[in-house]
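Contents: one structure, followed by commentary.
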Amino acid sequence: MSEEVDQSKRRFLVGMTAATGAVGAAAIAVPFVKSMLPSARAQAAGASVEYDISKLQPGELITVKWRKKPVWILKRTDQNLADLASLEAKLTDSTSDGSKQPDYAKNEHRSRAENKNLLVMVGICTHLGCSPKHFPDLAPAGFEEGWVGGFYCPCHGSTFDLAGRVYKGAPAPSNLEIPKFKFLNETTILVGDDSEGTA
Ligand code: FES
């Protein structure tokens, strides 16, 4: 009998300890969750993303997340830029008249004049939303000769050049989207914000 009492007392004490631990953990967790909320909200609202491009090598592409979308930052080589000029006849919208980009990126390179080599682009296919892959050298299987680097969407075979301009015959109706962005200085860019005088 006394052993039974002791057992139930022990279970009670163990239960209390676990409950106290859980309450303590919850009490600790709340401030963390609270402190994370504004940034989550800001992200959802489209907060801009800062990125240091000083370590980016020629030809290197990195992906950052902006408004839950992948945004590519690609440091194109001078040869890449020279190649763009030779592609016009092969493209659906070489002048980007029917494509989405800020005015300052509506040019052959689809970049800002301060740094033409840097491409900042939303990595989502304008056909049905798949994510194209970067093919800097080798042509995607079955693609024509003379590939000078670009992007290939495996879902239905759309191909884009290194300015995100879609090749003729692809199902994607327009070029890949260029988001608004600006340079905060020579080595830092801000994706999602191109307003004057803010950082
Ligand atoms: S979603 Fe890219 S080609 Fe269809």
Side-chain angles (χ1 to χ4, degrees), residues 40 43-49 51 53 56-77 79-112 115-182 189-194:
Q43 290 263 344
S48 46
V49 178
Y51 189 76
I53 56 169
L56 215 54
Q57 298 301 310
E60 187 180 353
L61 179 148
I62 61 105
T63 305
V64 298
K65 220 168 190 192
W66 172 67
R67 291 189 178 173
K68 298 182 180 169
K69 300 176 191 170
V71 172
W72 297 328
I73 301 174
L74 170 66
K75 185 173 182 175
R76 296 172 294 191
T77 64
Q79 183 60 51
N80 292 155
L81 295 190
D83 290 337
L84 293 177
S86 65
L87 299 174
E88 274 185 22
K90 298 180 175 181
L91 304 169
T92 300
D93 184 17
S94 63
T95 48
S96 299
D97 292 325
S99 301
K100 232 174 148 183
Q101 66 275 307
D103 286 348
Y104 48 77
K106 190 175 177 296
N107 51 53
E108 182 177 271
H109 309 109
R110 304 190 79 217
S111 53
R112 294 194 74 124
N115 185 342
K116 290 179 183 170
N117 295 63
L118 200 78
L119 176 71
V120 180
M121 190 157 70
V122 175
I124 296 177
C125 185
T126 52
H127 181 220
L128 293 175
C130 286
S131 188
K133 308 268 177 275
H134 183 207
F135 280 77
D137 307 307
L138 287 177
F143 196 62
E144 62 183 271
E145 300 263 314
W147 178 253
V148 288
F151 302 92
Y152 171 70
C153 183
C155 290
H156 312 95
S158 289
T159 38
F160 306 86
D161 71 3
L162 284 176
R165 298 178 301 178
V166 65
Y167 276 86
K168 279 180 183 163
S174 57
N175 301 338
L176 298 176
E177 178 187 350
I178 306 289
K180 54 187 179 179
F181 71 100
K182 66 178 176 180
I189 65 163
L190 195 62
V191 177
D193 184 357
D194 57 7

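In listed order, ligands and their atoms are each counted from 1.
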Atom 2 (Fe) of ligand 1 to His156: any N/O/S contact under 2.8 Å?
-> no

Can Ser96 and Arg165 be said to form a side-chain hydrogen bond (donor to acceptor under 3.5 Å, both in side chains), step by step?
-> CA-CA 8 Å; Ser96 299; Arg165 298 178 301 178; 6.0 Å; no

Should we count NZ of Lys116 as having more than 12 external heavy atoms under 6.0 Å?
-> no

For atom 1 (S) of ligand 1, which protein heavy atom lies nearest, and how many Å away is it?
-> Leu128 N, 3.3 Å

Starting from the C-alpha separation in whole Å, work towards a yes-or-no answer on disulfide bond (SG atoms under 2.5 Å apart) for Cys130 and Cys153.
-> CA-CA 7 Å; Cys130 286; Cys153 183; 4.6 Å; no

Short N/O/S contact of Cys153 with atom 4 (Fe) of ligand 1 (below 2.8 Å) | no

Quick one: sort the Tyr152 and Phe135 rings into parallel, tilted or perpendicular, breaks at 30° and 60°.
-> perpendicular

Who's the nearest protein heavy-atom neighbour of atom 3 (S) of ligand 1, and how far?
-> Ser158 OG, 3.2 Å

For atom 4 (Fe) of ligand 1, find the closest N/O/S atom on His127 and give its atom name.
-> ND1

Cys130 heavy atoms, cut-off 4.0 Å: which ligand 1 atoms fall inside?
-> 1 (S)

State whether Cys125 contributes an N/O/S atom found under 2.8 Å from atom 2 (Fe) of ligand 1.
-> yes

Backbone N or O of Arg76 within a donor-acceptor pair of the Asn117 side chain at under 3.5 Å?
-> yes

Determine, for Arg112 against Asp194, whether the closest basic-nitrogen to carboxylate-oxygen distance falls under 4.0 angstrom.
-> no

